Amino acid sequence: MATDTLKSQSGASGASGGLRRILLDNGALTALILLVVAMSALSGDFLTTDNLLNIGVQAAVTAILAFGVTFVIVSAGIDLSVGSVAALSATVLAWSATSEGVPVWIAVILAVATGIACGLVNGVLVSYGKLPPFIATLAMLSVGRGLSLVISQGSPIAFPDSVSHLGDTLGGWLPVPVLVMIVMGLVTAVILGRTYIGRAMYAIGGNEEAALLSGLRVKKQKLVIYALSGLFAAAAGIVLASRLSSAQPQAAQGYELDAIAAVVIGGASLAGGTGKASGTLIGALILAVLRNGLNLLSVSAFWQQVVIGVVIALAVLLDTLRRKAGSPGTAAGAGGGGGGGSVLSGGKSPLKLALAAVVVAAVVGAMTFVNNGSSSSANQKVGLSLSTLNNPFFVQIKKGAQEEAKKLGADLTVTDAQNDASQQANQLQNFTSEGLGSIIVNPVDSDAAGPSVRAANKADIPVVGVDRGVNKASTAALVASDNVEGGQLGAKALAEKLGGKGRIVILQGLAGTSASRERGAGFEEGLKAYPGIEVVAKQPADFDRTKGLDVMTNLLQAHPDVDGVFAENDEMALGAIKALGSKAGKSVAVIGFDGTPDGLKAVKDGTLYASVAQQPTELGRIALQNALKAAEGEKVEKTVKVPVKVVTAENVDEFSG
């Protein structure tokens, strides 16, 4: 009887111990389960089919990049270039297929070859040039991004329709990016666990000297490893551009850090020797769940970065504690999936994985029941996606919209795309799956926002554009100033201040953005009436004050006798004023754009001659008003123009903004 009791207790403890062991042995999986539970408890909109599919789509590009980076990290290397290589590969595909008329299938091969070539260059620099992987791939990061901008001339290039289907869905519901992600994950698992090169990766990462002495051709193996990373980066770039229907030269900026974070969160060690495909996939899903959930919870865009950083640190800390506790499965062979069992799991028992899946399903089901109907609200819900909040102009738009929302009793959620078109696409998809009453979008790029806005159109959610329009999609209204007209007014004001002749420089905005293109085009058009004005230089300063200071300082070395400066926003103009010092407002006239509070103060002080003011607060107010009207089915004007005006010291006191 005692024996029977002991067996019973052993069986019971074995079941609970098995579950505990699964969670302890898989720190990333534990973190993902906890995140899903937390988001499910906090938001009733999280566990919907549409939103879960959104999470898969949003994880896809990061996961594909991370699969390639897994090869490098397992072999104790690092690859910082994957984001730039992804952008370059997509740009090569779009440019060759559209501008050069190359057949699409050849263009795809060229894009893939570009990624592999970049990876091979990294491998040569690391293996034969003896450069540290950090330095070699950092150099490729800069080279890849620069080539992407050179090929595209800083402007997005439309993606071929036949390739853009990679961003669509199968059967109207299953996203193709998710399928590509799964396929690439399986390929990664097979390479790591079933091939000679995979075993070589673990050997090199575990002890490179020992691998060399055992007969491995380490230098040649590293060439293959970095080439694989470049290949996966090219695939990620093609998927990303397909989602946006355009190749963005500035796409995937910072994605290399997300990819590395996903690999490390998934249990790989930066010291090399461990890592697996399933862990990397879980790491990418953790990042996607975090961003998706925080958007749904209307967490401030600034706090989102803090929360994501803290959760990443906690996830890695949990895995570190697990390793210190001596849990099994930390050896290279186990980490790499080198034994039997499931290919994607890297040798873990399918029974254990099934048990973990049952636990997740049970928790998800319970939270769905608890949150049933919890997302209902008496107030009209509106989402506002801004291209960036790192610019006073867009902060003023946000302020105007928030003030109007409070006045009218609307529930407004604001997100920051950080000048990343793909991140904005994710935010718009989240708004759509959340079922908001209406959406306001200030596009990073008018073309790239099109696919996400079309998805909102299908869901019968009215979309209002603010400051910039959306191409190839239906918007209920566009509330904007005319950037082209503003550029023309800026040219006229500067030329008249200089008496119709002089030498000027132009500080351009972020390459590829529609605002920079339109303002620049308007200024050039306006200058045609003043042949005595000579543009001696124009350089991008990315709408940033610090970069405006640095670029203007450099330009003054070559052109110390410049008479005027046109900056495509006030932030760059303020940087230029700092560089000019005592010359600003005296011997050199500076004109900005936007009419921000700091810009208007500089106008009043006399250091900034003028700012082409757009009244951003008014843009935000009117956009919110139109969004609420469209949500109620009321008729709104298709285009609402907010007047621009040149603000100088003579009329600055009359301007409210």
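For clarity, every value in this text was computed on a predicted model and none was experimentally measured.
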Could you tabulate the donor-acceptor pairs under 3.5 Å formed by side-chain atoms of residues 155-166, not counting sequence neighbours?
{"unit_1": "Ser164", "atom_1": "OG", "unit_2": "Pro160", "atom_2": "O", "d": "3.1"}
{"unit_1": "His165", "atom_1": "ND1", "unit_2": "Asp168", "atom_2": "OD2", "d": "2.8"}

For residues 222-233, tabulate all N or O donor-acceptor pairs below 3.5 Å that involve a side-chain atom, not counting sequence neighbours.
{"unit_1": "Lys222", "atom_1": "NZ", "unit_2": "Glu208", "atom_2": "OE1", "d": "3.2"}
{"unit_1": "Lys222", "atom_1": "NZ", "unit_2": "Glu208", "atom_2": "OE2", "d": "3.3"}
{"unit_1": "Ser229", "atom_1": "OG", "unit_2": "Asp79", "atom_2": "OD2", "d": "2.8"}

Side-chain donor-acceptor pairs under 3.5 Å in residues 142-150, sequence neighbours left out?
{"unit_1": "Arg145", "atom_1": "NH1", "unit_2": "Pro249", "atom_2": "O", "d": "2.9"}
{"unit_1": "Arg145", "atom_1": "NH1", "unit_2": "Ala251", "atom_2": "O", "d": "2.6"}
{"unit_1": "Arg145", "atom_1": "NH2", "unit_2": "Ala251", "atom_2": "O", "d": "3.0"}
{"unit_1": "Ser148", "atom_1": "OG", "unit_2": "Thr91", "atom_2": "OG1", "d": "3.0"}

For a quick test of your reading: what N or O donor-acceptor pairs under 3.5 Å do the side chains of residues 93-119 make, sequence neighbours left out?
{"unit_1": "Ser96", "atom_1": "OG", "unit_2": "Val92", "atom_2": "O", "d": "2.7"}
{"unit_1": "Ser96", "atom_1": "OG", "unit_2": "Leu93", "atom_2": "O", "d": "3.1"}
{"unit_1": "Thr98", "atom_1": "OG1", "unit_2": "Ala94", "atom_2": "O", "d": "2.4"}
{"unit_1": "Thr114", "atom_1": "OG1", "unit_2": "Leu110", "atom_2": "O", "d": "2.7"}

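With sequence neighbours excluded, the residues that form a salt bridge (charged side-chain N to carboxylate O under 4.0 Å, His left out) with Arg291 are Asp258. In terms of the side-chain contact (heavy atoms from CB on, under 4.5 Å) criterion, Leu257 has no residue partners (sequence neighbours excluded). Considering only residues two or more places apart in sequence or on other chains, Asp542 meets the side-chain contact (heavy atoms from CB on, under 4.5 Å) condition with Leu510, Pro540, Lys547. Every residue two or more places apart in sequence or in another chain was checked for a side chain to side chain donor-acceptor pair (under 3.5 Å) with Thr137, and none qualifies. Applying the salt bridge (charged side-chain N to carboxylate O under 4.0 Å, His left out) test to Arg517 and every residue at least two apart in sequence or in another chain returns Asp445. Scored by the side-chain contact (heavy atoms from CB on, under 4.5 Å) test, Ser452 finds Ala425, Leu428, Gln429 as partners (sequence neighbours excluded). In this structure, the side chain to side chain donor-acceptor pair (under 3.5 Å) partners of Asp447, at least two apart in sequence or on a different chain, are Asn471. Listed by chain and number, the residues in a salt bridge (charged side-chain N to carboxylate O under 4.0 Å, His left out) with Asp416 amount to none (sequence neighbours excluded).
Checked by atom type, the side-chain pair Ser246/Gln248 shows a donor-acceptor distance below 3.5 Å. A donor-acceptor pair shorter than 3.5 Å can be found between the side chains of Asn51 and Ser433. Between the side chains of Ser385 and Gln424, at least one donor-acceptor pair of N or O atoms lies under 3.5 Å.
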Let me see the working for Gln423 and Gln58 under side chain to side chain contact (heavy atoms under 4.5 Å, CB included), right down to the final yes or no. CA-CA 8 Å; Gln423 189 171 151; Gln58 292 164 22; over 6 Å; no
- Query: Does the pair Asn54 and Asn426 meet the rule for a side chain to side chain contact (heavy atoms under 4.5 Å, CB included), with working shown?
  - Reply: CA-CA 8 Å; Asn54 280 345; Asn426 293 341; over 6 Å; no
Q.
Test side chain to side chain contact (heavy atoms under 4.5 Å, CB included) on Leu170 and Val176; report intermediate values, then the result.
A. CA-CA 7 Å; Leu170 292 179; Val176 176; 4.0 Å; yes
- Query: Run the side chain to side chain contact (heavy atoms under 4.5 Å, CB included) check on Val441 and Leu386 step by step: do they pass?
  - Reply: CA-CA 6 Å; Val441 59; Leu386 289 166; over 6 Å; no
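The backbone N or O of Ala86 lies less than 3.5 Å from no partner atom in the side chain of Ser89, so there is not a single donor-acceptor pair. Asn442 places a side-chain N or O within 3.5 Å of a backbone atom of Ser387 that can act as its donor or acceptor partner. Not one N or O on the side chain of Asn292 forms a donor-acceptor pair closer than 3.5 Å with the backbone of Ile55. Side chain of Glu256 to backbone of Val82: no donor-acceptor contact under 3.5 angstrom is found. Side chain of Ser127 to backbone of Lys219: a donor-acceptor contact under 3.5 angstrom is found. A donor-acceptor pair is defined here as one N or O able to donate and one able to accept, closer than 3.5 Å; such a pair exists between the side chain of Thr274 and the backbone of Ser269. Ser43 places no side-chain N or O within 3.5 Å of a backbone atom of Met39 that could act as its donor or acceptor partner. Side-chain N or O atoms of Ser446 include none that pairs as donor or acceptor with a backbone N or O of Val470 at under 3.5 Å.
Listed here is the closest heavy atom pair of Val74 and Gly275: CG2-CA, 3.9 Å. Taking all atoms of both residues into account, the shortest heavy-atom contact from Met184 to Ala235 is CE-CB, 4.0 Å. Of all heavy-atom pairs between Met181 and Phe67, the closest is O-CE1, 3.5 Å. Taking all atoms of both residues into account, the shortest heavy-atom contact from Tyr202 to Leu192 is CE1-O, 3.6 Å. The two atoms that bring Ser245 and Pro451 nearest to each other are OG-CG, 3.4 Å, heavy atoms only. Considering every non-hydrogen atom in both Thr432 and Ala456, the closest pair reads OG1-CB, 3.7 Å.
By the 6.0 Å contact criterion, CG on Asn390 is open, its count of non-hydrogen atoms from other residues, nucleotides or ligands being 12 or less.
To the nearest 0.5 angstrom, Asn457 atom CG is 9.0 Å from Ile439 atom CD1. Residue Leu34 holds its CG atom at 9.5 Å from CD1 of Ile286, rounded to the nearest 0.5 Å. Of the inter-residue distances, the one linking Thr388 atom OG1 with Gln418 atom CD reads 7.0 Å to the nearest 0.5 angstrom. Interatomic distance, Thr188 OG1 to Ile64 CD1, rounded to the nearest 0.5 Å: 9.5 Å. Of the inter-residue distances, the one linking Leu285 atom CG with Ile265 atom CD1 reads 11.0 Å to the nearest 0.5 angstrom. Atom OG1 of Thr413 sits about 11.0 Å away from atom CD of Gln427, to the nearest 0.5 Å.
Residues Val263 and Val72 fail the side-chain proximity criterion, which asks for heavy atoms closer than 4.5 Å. Between Val57 and Val178, some side-chain heavy-atom pair lies under the 4.5 Å cut-off. Proximity of Thr70 to Lys276: side-chain heavy atoms (C-beta onward) are nowhere separated by under 4.5 Å. Between Met140 and Val121 the shortest side-chain heavy-atom distance falls below 4.5 Å. Side-chain atoms of Thr195 and Met201, non-hydrogen and from C-beta on, never get closer than 4.5 Å to each other. Contact annotation: the side chain of Phe431 never approaches that of Asn295 to less than 4.5 Å [non-hydrogen atoms, C-beta and beyond]. Side-chain contact between Leu52 and Leu47 is present, with at least one heavy-atom pair separated by less than 4.5 Å. Inter-residue side-chain proximity for Leu270 and Ile78 is flagged as met; some heavy-atom pair is nearer than 4.5 Å.
A side chain to side chain contact (heavy atoms under 4.5 Å, CB included) with Leu42 holds for exactly one of Val37, Leu296, Leu294, Leu297; it is Leu297.
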